[in-house]
Protein chains: 2
Amino acid sequence: MQRMTRQRQSIADMLAATSDFKSAQQLHDLLRERGEPAGLATVYRTLQNLADAGELDVLRTEDGEMLFRQCERGEHHHHLVCRSCGKTVEIDGPTVEDWATRVGRAHGFSSIEHTIELFGTCEECAARPASS
Amino acid sequence: MQRMTRQRQSIADMLAATSDFKSAQQLHDLLRERGEPAGLATVYRTLQNLADAGELDVLRTEDGEMLFRQCERGEHHHHLVCRSCGKTVEIDGPTVEDWATRVGRAHGFSSIEHTIELFGTCEECAARPASS
DNA sequence: CAAACTATTGATAATGGATCTCATGAACGC
DNA sequence: GCGTTCATGAGATCCATTATCAATAGTTTG
């Protein structure tokens, strides 16, 4: 049975409140700062569960760290992520979807899936010299 | 100065001989089996160098492991990878490249990079019931 | 060819994200 | 409340990758 605990509630709230991709560690820190601490293991577990349930989108940074985000739309879409602050824009690209399956088929591949993520520096971070 | 050592030669040969994406660990094992062992650190370092020099393409598996492959073309391109046998086809998509930067700019992002990989089942693997 | 110079190697330690362990604590049905 | 059972979390563990650094081996030079 699935129980609603204070930690799960906090994590869910946190995710609902932000619109950026965050790592488990970041969430762990944010929760502590907010005075609603949760064990790191719990954060990881909860994120895993939510991701499995399809309630979170997951992606990996260049250095392999997992980032999570609660997305507005449930349907398939992609992301434009600021590599310095995590700011995220949801993108859909019918053009690209078509291109992907078309190219796949052309080479005799079936059950085609694709990974498409865009990374860049958002306006604010580009303006700022270099801080956190 | 860049020196040509036995290890580097072996690793380069190994990469030239295969057409599939391989992990550092796999290459390390293959080299040992072949009787041309190289330290794991050396394998990682060499792969890193080659990748930095743009002579290798890198991608990450779902569980975050890095895979390397020597691609025919030096220019930017993407891959269509068979998820069951690793067969890889090099893809280029001018359409997609444009789309990526266009979308990025439209949202005020700069220094835009993108990750686009296609996964599917190749003809041979689709025909075969289920083996390795 | 040998000495000297220095890039490279590699066994091993260190890192760091993610997962596992398991005794303790908290949800919730009754 | 009570008890059953799931959840928590501090710390151990895993595993890919990177750093350390003394020993080794390309290269150059005399």
Side-chain angles (χ1 to χ4, degrees), chain A residues 1-15 20-53 55-69 81 83-84 86 115 117 119 132, chain B residues 1-15 20-53 55-69 81 86 115 117:
Chain A
M1 179 213 311
Q2 187 75 313
R3 292 179 185 171
M4 182 47 64
T5 64
R6 176 184 62 72
Q7 292 86 340
R8 284 182 183 164
Q9 192 60 60
S10 297
I11 294 170
D13 289 351
M14 193 91 245
L15 286 164
D20 303 344
F21 270 98
K22 295 251 189 295
S23 70
Q25 313 264 1
Q26 284 179 308
L27 287 167
H28 176 253
D29 291 348
L30 289 170
L31 288 168
R32 191 158 41 67
E33 288 172 16
R34 192 194 241 198
E36 302 176 9
L40 191 52
T42 300
V43 175
Y44 272 108
R45 258 185 314 239
T46 304
L47 290 173
Q48 192 63 61
N49 291 342
L50 291 173
D52 288 349
E55 299 187 28
L56 289 184
D57 277 9
V58 189
L59 61 80
R60 277 182 189 274
T61 58
E62 250 169 88
D63 52 309
E65 193 177 21
M66 296 176 78
L67 300 183
F68 304 82
R69 177 175 192 267
V81 186
R83 65 168 72 82
S84 105
T115 301
E117 301 297 343
F119 297 94
S132 61
Chain B
M1 180 209 311
Q2 187 75 314
R3 293 178 184 171
M4 181 47 63
T5 64
R6 176 184 63 71
Q7 292 87 339
R8 284 183 182 164
Q9 192 60 61
S10 296
I11 293 170
D13 290 351
M14 192 92 245
L15 285 165
D20 302 344
F21 273 98
K22 296 245 187 298
S23 70
Q25 313 265 0
Q26 284 178 309
L27 287 166
H28 176 253
D29 291 348
L30 288 170
L31 287 167
R32 192 158 41 69
E33 287 171 17
R34 193 194 240 198
E36 302 177 8
L40 192 52
T42 301
V43 175
Y44 273 108
R45 257 185 315 238
T46 305
L47 290 173
Q48 191 63 60
N49 290 343
L50 290 172
D52 288 350
E55 299 187 28
L56 289 184
D57 276 10
V58 189
L59 62 79
R60 278 183 189 274
T61 60
E62 232 170 287
D63 53 308
E65 193 177 20
M66 296 177 79
L67 301 183
F68 303 83
R69 177 175 191 268
V81 185
T115 301
E117 301 296 344

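Per chain, numbering begins at 1; letters A, B, ... match sequence-line order.
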Check your understanding: Less than 3.5 Å between a donor and an acceptor, one on the side chain of A:Arg3 and one on the base of C:dC28, is that the case here?
Key -> no
Point to revise | Check: A:Asp13/A:Gln9 side-chain N/O donor and acceptor closer than 3.5 Å | key: yes
Provide, to the nearest angstrom, the distance between the [atom1] atom belonging to [X] and the [atom2] atom belonging to [N].
X       : N      : atom1 : atom2 : answer
A:Leu27 : C:dG17 : CG    : P     : 14 Å
A:Gln7  : C:dG25 : CD    : P     : 14 Å
A:Leu59 : C:dA18 : CG    : P     : 12 Å
A:Leu40 : D:dT13 : CG    : P     : 17 Å
A:Asn49 : D:dA7  : CG    : P     : 8 Å
A:Met1  : C:dC30 : CE    : P     : 9 Å
A:Asp52 : C:dA18 : CG    : C1'   : 14 Å
A:Arg45 : C:dT21 : CZ    : C1'   : 10 Å

Between [options], which one does the side chain of [X] approach most closely?
X       : options                : value
B:Tyr44 : D:dA16, C:dT12, C:dG17 : D:dA16
B:Gln2  : D:dT8, D:dT27, C:dT8   : C:dT8
B:Arg8  : C:dT8, D:dT17, D:dT27  : C:dT8
A:Gln48 : C:dA11, C:dT19, C:dT8  : C:dT19
B:Arg6  : D:dA16, D:dA7, C:dG10  : C:dG10
A:Glu65 : C:dA7, D:dT8, C:dG17   : C:dG17

Within the structure provided, determine whether [X] and [Y] are in side-chain contact (heavy-atom separation under 4.5 Å).
X       : Y       : value
A:Val58 : A:Leu47 : no
B:Gln25 : B:Tyr44 : yes
A:Met14 : A:Glu36 : no
A:Thr46 : A:Gln7  : no

Review point. Does A:Ser23 make a side-chain N or O approach to OP1 or OP2 of C:dG17 shorter than 4.0 Å?
Key: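 Negative; the distance criterion is not met.
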Practice item. State whether A:Thr5 places a side-chain N or O below 4.0 Å from either non-bridging phosphate oxygen (OP1 or OP2) of D:dT8. Key: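 The answer is yes; a side-chain N or O of A:Thr5 sits under 4.0 Å from OP1 or OP2.
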Exercise for review: Answer with base, sugar-phosphate or nothing: what part of the nucleic acid does A:Thr42 contact at a heavy-atom distance below 4.0 Å?
Suggested key: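 Since a base atom lies under 4.0 Å of A:Thr42, the category is base.
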